[in-house]
Amino acid sequence: MKQKGEGAADGAGSGADAVERFERMTEVAGKAQQMMLEFWTGGAGAASPASPAADPQAMTRLMEQWGDLARAWASADPAKLAKVGSDYWADAMKLWAGLLTPGAESTPAAALKADRRFQADAWGSAPVFDLVRKSYLLFSHYAAEGLGAFDGLPEADRRQLAFQARQFVDAMSPANFAALNPEVLAEAQATDGESLLEGLGHLLGDLKRGKLTMTDEAAFEVGRNVAATPGQVVWEGRLFQLIHYAPTTEKVHEIPLLILPPWINKFYILDLTAEKSFIRWAVEQGLSVYVVSWAQGSEALGDIGIEDYVTEGELQAIDLVLKASGAPATHVIGYCVAGTVLAATLAYMAATGQAEKVRSATFFTAQVEFSDAGDLLNFVTPPMLEKVEQLAEGQGYLDGRWLATTFNLLRPTDLMWNYVVNNYLKGKEYTPFDLLYWNSDPTNVPGRFMREYLAGLYRDNRLIQPGGIVVKGVPIDLKTVQTPAYIQAGRDDHIAPLKSCFKLTKAFSGEHRFMLAGSGHIAGVVNPPAAMKYQHWILPAGVETPATAEAFQQAATEVKGSWWPDWIDWIAPRSGKQVKARVPGKAKGFPAIEPAPGRYVKQRIA
């Protein structure tokens, strides 16, 4: 790509340079036309089965949404709407006056809000872009203020309206439009349009693949520089492979550790590069570590539901670890949805006389009571559940790319529009980042499970209700669980909010320790001690867990750095005596099938 400053016209050469620039721009336009032609004639432009263009019900749902908007508008308080409108226009006039008579005192405070999308000097150096930026910030402020006029709506409807408003406001940012973004225009001018050509290539490539590219995926390879902790696959079935990791100590704790990662993502979020790997770190602490690597959702697994993940998934993995290790019990970690189902598994084990198999249970960002489950509740609507049913129908699974987009919409500025601007509008080269590589490696999820999870747990909140769900004829009651629990939540988690995760402290009857980690759903978990990042909060010794998350935050003590040492200090005394390290593949009935991370996790859908 041509770099800024190359070929700048000056002096006697300006005429020749102008001709050269025109020829270059013509060449760029021709290449763009050729790329578009190849894209469409290659069939890549055809609508996928999950796209709105191929969805016969899309228009019906759109009309329903407009109907909902009309009903919401009818419920608004006219006086509050009038005041918001009046205040907006008054501030807008101040903004225009400030353009004619510059001065910070004439600019409304809402238009001066710090926003990293507009932090480049180019947004303030030209009056027109300064006005565009400030006008957008002012509009954003009053769009949020206007939501206060809809007091007549039920809480769920107001939450949905607020979510949709944020989506709209984020999408309409001038940073997302080439003609309104001075950084994009400057890049295009400096490169004679090459940046736009590069961006178009990125866009067409993503359309072909059906997902948004966030990082240089060629920089990583599963089993080479991510998911590379040494170990062996020692068992496999239709639902998962079981990995046993090689010890790095001569002695290990008698009680092993089984990690159950979520099946809506891949397990190597806990085994990224060596310095970030929780799995590698746990092995170094003298634990025998076993990890479940889930199979991709497929037509053959279309009938797999919550009951199957309890019995054929988690409970079977627990039994396999006990048999392979010879230990009387195992520690278990359940991450996100696997932690949700682990709660049901523990209740099922308590009801069937198997509770002693689990020495302790650790929950990473897991929920069991969904009334405060955050923005994901905005996707649990009749039209969305119908869409899930449609997408899963026939093939038996929900495409992981659709799920990834749904999660990205929870933080669209950071997880969508940021990459649209940099990759498509500016044509920037992708930066290697292991976490984004993992995020770009989605998994398909069995359709039956997804329906039960969204409708039964998120919508109907059945898991927290005694007997609300049944596993193999056994009513599930979380209050019967007395297994000691370590419960982790992320302060800034947008997928499993703190308030929701905290309710786990009241769900069981046994002892527990609650720990609040700095950051969110991923960085709040993947925070190795050596990184010296973030912080966590724990209660002083002897202080009982308060009734609410807010009260916990007031009573807790902040500790700098990783929470992993706190976890190992809690789990080690419950881990039995020291025994000779167990070697993967040596246990009777558990031969080494293939090296970790195994082939299940290497199956990609995009």
Side-chain angles (χ1 to χ4, degrees), residues 234-243 256-264 267 290-298 300-325 327-363 366-368 396-397 443-457 462-483 485 507-508 589-590 600:
V234 296
W235 186 92
E236 65 182 33
R238 69 166 185 159
L239 204 52
F240 66 89
Q241 286 186 317
L242 183 66
I243 303 171
L257 170 67
L258 168 63
I259 299 177
L260 301 170
W263 42 87
I264 57 176
F267 81 83
Y290 297 80
V291 174
V292 163
S293 174
W294 300 103
Q296 287 272 6
S298 63
L301 297 179
D303 63 337
I304 296 293
I306 291 176
E307 179 179 75
D308 303 288
Y309 276 109
V310 168
T311 56
E312 188 179 345
E314 296 188 348
L315 181 54
Q316 180 172 217
I318 290 169
D319 286 338
L320 289 169
V321 167
L322 297 185
K323 186 176 180 181
S325 66
T330 183
H331 299 298
V332 183
I333 293 176
Y335 194 165
C336 190
V337 63
T340 298
V341 174
L342 176 59
T345 302
L346 293 173
Y348 176 80
M349 295 174 72
T352 55
Q354 304 180 72
E356 75 284 350
K357 292 180 179 179
V358 176
R359 182 64 56 88
S360 77
T362 296
F363 296 87
Q367 305 172 89
V368 296
Y397 60 88
T443 57
N444 297 329
V445 180
R448 178 186 165 196
F449 168 80
M450 209 65 208
R451 292 190 295 269
E452 293 177 351
Y453 184 55
L454 293 178
L457 303 193
R462 292 179 184 169
L463 182 56
I464 199 64
Q465 304 167 23
I469 67 171
V470 176
V471 173
K472 300 297 183 183
V474 176
I476 296 301
D477 183 356
L478 300 187
K479 279 296 183 182
T480 64
V481 176
Q482 297 186 358
T483 304
F508 305 142
F590 293 88
Y600 284 19

Evaluation steps, side chain to side chain contact (heavy atoms under 4.5 Å, CB included), between F449 and I306: CA-CA 6 Å; F449 168 80; I306 291 176; 3.8 Å; yes
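- What you find for L342 and G334 is that their closest heavy atoms are CD2-N, 3.8 Å.
- Residues passing the side chain to side chain contact (heavy atoms under 4.5 Å, CB included) test with A347 are I476, L478, T480, V481, sequence neighbours excluded.
- For D308, the salt bridge (Lys or Arg N to Asp or Glu O under 4.0 Å) criterion is met by R448, not counting sequence neighbours.
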Side chain to side chain contact (heavy atoms under 4.5 Å, CB included) assessment of I259 paired with Y335: CA-CA 8 Å; I259 299 177; Y335 194 165; over 6 Å; no
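- Looking at residues two or more places apart in sequence or on another chain, you find a salt bridge (Lys or Arg N to Asp or Glu O under 4.0 Å) between E312 and R238.
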CA sep, side-chain torsions, deciding dist, call: M349, T483, side chain to side chain contact (heavy atoms under 4.5 Å, CB included): CA-CA 10 Å; M349 295 174 72; T483 304; over 6 Å; no
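- To the nearest 0.5 angstrom, T311 atom OG1 is 9.0 Å from L239 atom CG.
- Although no hydrogens or angles enter the test, the distance criterion places no donor-acceptor pair under 3.5 Å between the side chain of E356 and the main chain of A329.
- Between A355 and A350, the shortest heavy-atom distance links the atoms CB-CA, 4.1 Å.
- Annotation: the span from L257 atom CG to I333 atom CD1 amounts to 4.5 Å, rounded to 0.5 Å.
- Under the side chain to side chain donor-acceptor pair (under 3.5 Å) criterion, T340 pairs with no residue, sequence neighbours left out.
- A heavy-atom distance below 4.5 Å is found between the side chains of L258 and L242.
- By the ring pair (Phe, Tyr, Trp, His ring centres under 6.0 Å) test, F363 pairs with F508, sequence neighbours left out.
- Minimum interatomic distance between F240 and Y600 (heavy atoms only, all atoms of both residues): C-CE2, 3.5 Å.
- With sequence neighbours excluded, no residue satisfies side chain to side chain donor-acceptor pair (under 3.5 Å) with D303.
- Applying the side chain to side chain contact (heavy atoms under 4.5 Å, CB included) rule to A300 yields the partners S298; only residues at least two apart in sequence or on another chain are considered.
- Residues that satisfy the side chain to side chain donor-acceptor pair (under 3.5 Å) test with E314, not counting sequence neighbours, are T345.
- Heavy atoms only, all atoms of each residue included: P261 and A338 are closest at O-CB, 3.3 Å.
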Check against side chain to side chain contact (heavy atoms under 4.5 Å, CB included), L301 and W294: CA-CA 12 Å; L301 297 179; W294 300 103; over 6 Å; no
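- Side chain of Q296 to backbone of N444: a donor-acceptor contact under 3.5 angstrom is found.
- In this view, V474 and Y348, A351, T352 satisfy the side chain to side chain contact (heavy atoms under 4.5 Å, CB included) rule, not counting sequence neighbours.
- Residues S293 and E236 are not in side-chain contact: their nearest non-hydrogen atoms beyond the backbone lie 4.5 Å or more apart.
- R462 pairs by the side chain to side chain contact (heavy atoms under 4.5 Å, CB included) definition with D460, I469, not counting sequence neighbours.
- Residue L322 holds its CG atom at 7.0 Å from NZ of K357, rounded to the nearest 0.5 Å.
- Every residue two or more places apart in sequence or in another chain was checked for a side chain to side chain donor-acceptor pair (under 3.5 Å) with T330, and none qualifies.
- Among all heavy-atom pairs drawn from I304 and P446, the shortest one is O-CB, 3.7 Å.
- Atom NZ of K323 has 12 or fewer neighbouring heavy atoms from other residues, nucleotides or ligands inside a 6.0 Å radius.
- When all heavy atoms are compared, the tightest approach of V292 to F267 is O-CB, 3.9 Å.
- Not counting sequence neighbours, the partners of Y290 by the ring pair (Phe, Tyr, Trp, His ring centres under 6.0 Å) test are H244.
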